[in-house]
Enquirer: 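First, the structure itself, so that you have it in front of you.
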Amino acid sequence: QVQLVESGGGLVQAGGSLRLSCAASGRTFSNYAMGWFRQAPGQEREFVAVNSGRYGTTSYADSVKGRFTISRDNAKNTIDLQMNSLKPEDTAVYYCAARLSWSGARAASGYDYWGQGTQVTVSS
């Protein structure tokens, strides 16, 4: 069982930065691929970024590539998302999630555990 708690959301102006953090419980955090997803009102949950775990392999959605950076600290059981050059279209509830398999890690359906989400609002 893995429990995830996100923090760090808030209101920021376009062009600004925010750092989201997700704290995970459990003894085998390094075994899990950890992803960030987001969901805007009336839209489906979409992939943002994922980190594989042991080997640090990362993948990003095209819409955030070059602006967002995912990083993890296996000693602290945390996964962070540094978001720079934020745009109004980045406004959404952001969720962290965990899964054991790297294959298909860009799809929300394969994740076993989810946090409660944190709101990010970017004003123009």
Side-chain angles (χ1 to χ4, degrees):
Q1 188 77 9
V2 176
Q3 292 184 325
L4 305 172
V5 179
E6 301 98 336
S7 61
L11 173 65
V12 65
Q13 289 188 331
S17 299
L18 279 175
R19 188 176 184 89
L20 306 182
S21 186
C22 176
S25 65
R27 296 174 294 177
T28 57
F29 176 73
S30 62
N31 289 346
Y32 287 84
M34 299 296 300
W36 283 97
F37 290 78
R38 65 187 183 187
Q39 188 167 17
Q43 298 187 19
E44 293 187 354
R45 193 166 297 189
E46 67 170 353
F47 168 75
V48 175
V50 62
N51 179 293
S52 67
R54 293 180 183 274
Y55 305 108
T57 304
T58 58
S59 180
Y60 295 90
D62 287 345
S63 59
V64 307
K65 199 173 294 183
R67 300 188 298 123
F68 291 11
T69 302
I70 188 171
S71 61
R72 69 190 291 160
D73 186 332
N74 286 334
K76 296 181 179 179
N77 282 14
T78 58
I79 183 84
D80 291 351
L81 185 69
Q82 177 66 42
M83 306 185 295
N84 299 328
S85 302
L86 283 161
K87 305 174 181 180
E89 51 264 43
D90 294 318
T91 295
V93 177
Y94 282 70
Y95 299 88
C96 71
R99 59 181 290 161
L100 283 173
S101 172
W102 171 250
S103 177
R106 296 168 69 99
S109 59
Y111 283 77
D112 302 305
Y113 305 102
W114 290 86
Q116 82 288 349
T118 185
Q119 176 71 47
V120 171
T121 304
V122 184
S123 63
S124 57

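Treat the numbers as computed from the prediction; the structure is a model and nothing was measured. Just so you know, these numbers use all the heavy atoms, side chains as well, and skip hydrogens, waters and symmetry mates.
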Enquirer: Distance-only, no hydrogens or angles: does the Q39 side chain make a donor-acceptor pair with backbone N or O of A92 under 3.5 Å?
Expert: no

Enquirer: Is it possible for you to say whether L18 and V64 belong to one hydrophobic cluster, with membership spreading through side-chain heavy-atom contacts below 4.5 Å?
Expert: yes

Enquirer: Any idea which heavy atoms bring S52 and G56 closest together, and the distance?
Expert: OG-N, 3.4 Å

Enquirer: Should M83 and W36 be regarded as members of a common hydrophobic cluster, given that ILVMFWY residues are connected when their side-chain heavy atoms come within less than 4.5 Å of each other, either directly or indirectly?
Expert: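 Same cluster: M83 reaches W36 through Ile, Leu, Val, Met, Phe, Trp or Tyr contacts under 4.5 Å.
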
Enquirer: Can you tell me how far apart CG (D62) and OH (Y60) are? Round to the nearest 0.5 Å.
Expert: 13.0 Å

Enquirer: Test: side-chain hydrogen bond (donor to acceptor under 3.5 Å, both in side chains). Region: residues 104-115. Which pairs qualify, not counting sequence neighbours?
Expert: S59-R106

Enquirer: Under 4.5 Å between side-chain heavy atoms, counting indirect links through other Ile/Leu/Val/Met/Phe/Trp/Tyr residues: same cluster for V120 and F47 or not?
Expert: no

Enquirer: Would you name the heavy atoms of A24 and L4 that are closest together and state the gap between them?
Expert: CB-CD2, 3.5 Å

Enquirer: Quick one: pull up CG in N74 and CE in M34 and give me the separation to the nearest 0.5 Å.
Expert: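 Those atoms lie 10.0 Å apart.
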
Enquirer: Who pairs with D80 by salt bridge (Lys or Arg N to Asp or Glu O under 4.0 Å), at least two apart in sequence or on another chain?
Expert: R19

Enquirer: For residues Y32 and L100, determine if any side-chain heavy atom of one lies less than 4.5 Å from a side-chain heavy atom of the other.
Expert: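 Yes - at least one pair of side-chain heavy atoms lies under 4.5 Å apart.
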
Enquirer: Please name the pair of heavy atoms, one in S124 and one in A14, separated by the smallest distance, quoted to 0.1 Å.
Expert: CA-CB, 4.4 Å

Enquirer: Name all residues meeting the side chain to side chain contact (heavy atoms under 4.5 Å, CB included) criterion together with V93; count only those two or more places apart in sequence or in a different chain, and write none if there are none.
Expert: Y95, Q119

Enquirer: Could you pull out all residues at least two apart from R99 that satisfy side-chain hydrogen bond (donor to acceptor under 3.5 Å, both in side chains)?
Expert: none

Enquirer: For a 4.5 angstrom cut-off between non-hydrogen side-chain atoms, does F29 reach V2?
Expert: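 F29 vs V2: side chains apart.
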
Enquirer: Determine which pairs satisfy salt bridge (Lys or Arg N to Asp or Glu O under 4.0 Å) with at least one residue from residues 68-77, sequence neighbours left out, and list them in order.
Expert: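 Qualifying pairs: none.
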
Enquirer: Once disulfide (SG to SG under 2.5 Å) is applied, what residue pairs with a partner in residues 38-124 remain, sequence neighbours excluded?
Expert: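 Qualifying pairs: C22-C96.
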
Enquirer: For D90, enumerate each residue passing the side chain to side chain contact (heavy atoms under 4.5 Å, CB included) test, keeping only those at least two apart in sequence or located in another chain.
Expert: R38, R67, F68, L86, K87, Y94, V122

Enquirer: Can you run down the disulfide (SG to SG under 2.5 Å) pairs that involve residues 44-92, sequence neighbours left out, and say none if there aren't any?
Expert: none

Enquirer: If you take all heavy atoms of V50 and A105, which pair is closest and at what distance?
Expert: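 Closest heavy-atom pair between V50 and A105: CG2-CB, 4.0 Å.
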
Enquirer: Minimum heavy-atom separation for S85 to S17, with atom names?
Expert: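 Scanning both residues completely, I find the closest heavy atoms to be N-OG, 4.3 Å.
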
Enquirer: Measure the spacing between CG of L20 and OG1 of T78 and express it to the nearest 0.5 Å.
Expert: 12.5 Å

Enquirer: Any side-chain donor-acceptor pair under 3.5 Å between N51 and T58?
Expert: no

Enquirer: In chain order, what residues pass the salt bridge (Lys or Arg N to Asp or Glu O under 4.0 Å) check against E89, with sequence neighbours excluded?
Expert: none

Enquirer: With sequence neighbours excluded, what pairs up with S7 under the side-chain hydrogen bond (donor to acceptor under 3.5 Å, both in side chains) test?
Expert: none

